[in-house]
Amino acid sequence: MLERDYITEIISQFVEAVTRVLRPAVETGDPASCQAVEQQVADLIDLDAQTAMALSPDSLVTMLVLSGMGDSVAAYVCYALDRVSRAYEAHGEDELGGLRHLQSQAVAESFGCDPATPPEELASLDEELFGAAGGDA
């Protein structure tokens, strides 16, 4: 019960923070907002952002597994990495966007997430930013 409450609380904090920073990341490609999305992902898996975002896709998956919360947070990590990859690519940061996309795909494949389907708590934000096509903008 206590563990479930803890996970619910950190996911709630993640959703609140990502909701706040993803909009400017997508709309303007603001580098600080993109980095803030990455920081939220790193915080969710209890890693330093610079370290987490430098990991290969497979290593990021390994860290999710080792965190012991991978199954609980994978869909959120997958979503945030996919959407920030789109923001980077839309604003000319193809290399960084490509790495985030590969990280998102690795999480999706390892944990059975669908990057095109946002977690329920982020669905309205996703529709607002990317349209009703489930994020296939």
Can any side-chain N or O of [X] pair as donor or acceptor with the backbone N or O of [Y] at less than 3.5 Å?
X	Y	result
Ser12	Thr8	no
Thr51	Leu47	no
Arg83	Val37	no
Glu38	Leu81	no
Ser59	Leu55	no
Ser104	Cys78	yes

Determine whether [X] and [Y] make a side-chain contact, defined as any pair of heavy atoms from C-beta on separated by less than 4.5 Å.
X	Y	answer
Val18	Tyr76	no
Gln39	Met53	no
Val21	Asp30	no

Which is it for Phe111 and Val65 under the side-chain contact (heavy atoms from CB on, under 4.5 Å) test, yes or no, and what are the steps along the way? CA-CA 9 Å; Phe111 290 94; Val65 170; 3.8 Å; yes

Please find the pair of heavy atoms, one from [X] and one from [Y], that lie closest to each other, and give the distance.
X	Y	answer
Gly97	Ser85	O-CB, 3.1 Å
Pro57	Leu99	CD-CD1, 4.4 Å
Ile11	Glu121	CG2-OE2, 4.2 Å
Gln103	Ala52	NE2-O, 3.9 Å

With a sphere of 6.0 Å drawn around CD of Gln50, does it hold more than 12 non-hydrogen atoms of other residues, nucleotides or ligands?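 Not more than 12 within 6.0 Å, no.
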
Within a 6.0 Å radius of atom CG on Asp114, are there more than 12 heavy atoms belonging to other residues, nucleotides or ligands?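 It does: Asp114 CG has more than 12 such atoms within range.
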
Quick one: pull up [atom1] in [X] and [atom2] in [Y] and give me the separation to the nearest 0.5 Å.
X	Y	atom1	atom2	value
Leu122	Glu128	CG	CD	12.0 Å
Ile45	Leu64	CD1	CG	5.0 Å
Phe14	Asp43	CZ	CG	9.5 Å
Tyr6	Met69	OH	CE	5.0 Å
Leu22	Gln40	CG	CD	11.0 Å
Leu60	Leu102	CG	CG	11.5 Å

Could you walk me through whether Val84 and Cys34 pass the side-chain contact (heavy atoms from CB on, under 4.5 Å) test, one step at a time? CA-CA 6 Å; Val84 82; Cys34 290; 3.9 Å; yes

Under the side-chain hydrogen bond (donor to acceptor under 3.5 Å, both in side chains) criterion, do Tyr88 and Asp94 qualify, and how do the steps go? CA-CA 7 Å; Tyr88 278 129; Asp94 294 337; over 6 Å; no

Ion pair Asp82/Arg100, N-O distance below 4.0 Å: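 Between Arg100 and Asp82 there is no salt bridge, as every charged N stays at least 4.0 Å from the carboxylate O atoms.
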
Non-neighbouring partners of Ser72 that pass side-chain contact (heavy atoms from CB on, under 4.5 Å), sequence neighbours left out: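 Counting only residues at least two positions away or on another chain, Ser72 forms a side-chain contact (heavy atoms from CB on, under 4.5 Å) with Ile7.
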
Given the rule in the side-chain hydrogen bond (donor to acceptor under 3.5 Å, both in side chains) test, do Gln13 and Glu9 qualify, once you have shown the distances and angles that lead to the verdict? CA-CA 6 Å; Gln13 291 172 1; Glu9 178 62 25; 2.8 Å; yes

Using the side-chain contact (heavy atoms from CB on, under 4.5 Å) rule, pick out the option among Val41, Val73, Val77 that qualifies with Val107.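 Looking at Val41, Val73, Val77, the match for Val107 under the side-chain contact (heavy atoms from CB on, under 4.5 Å) is Val77.
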
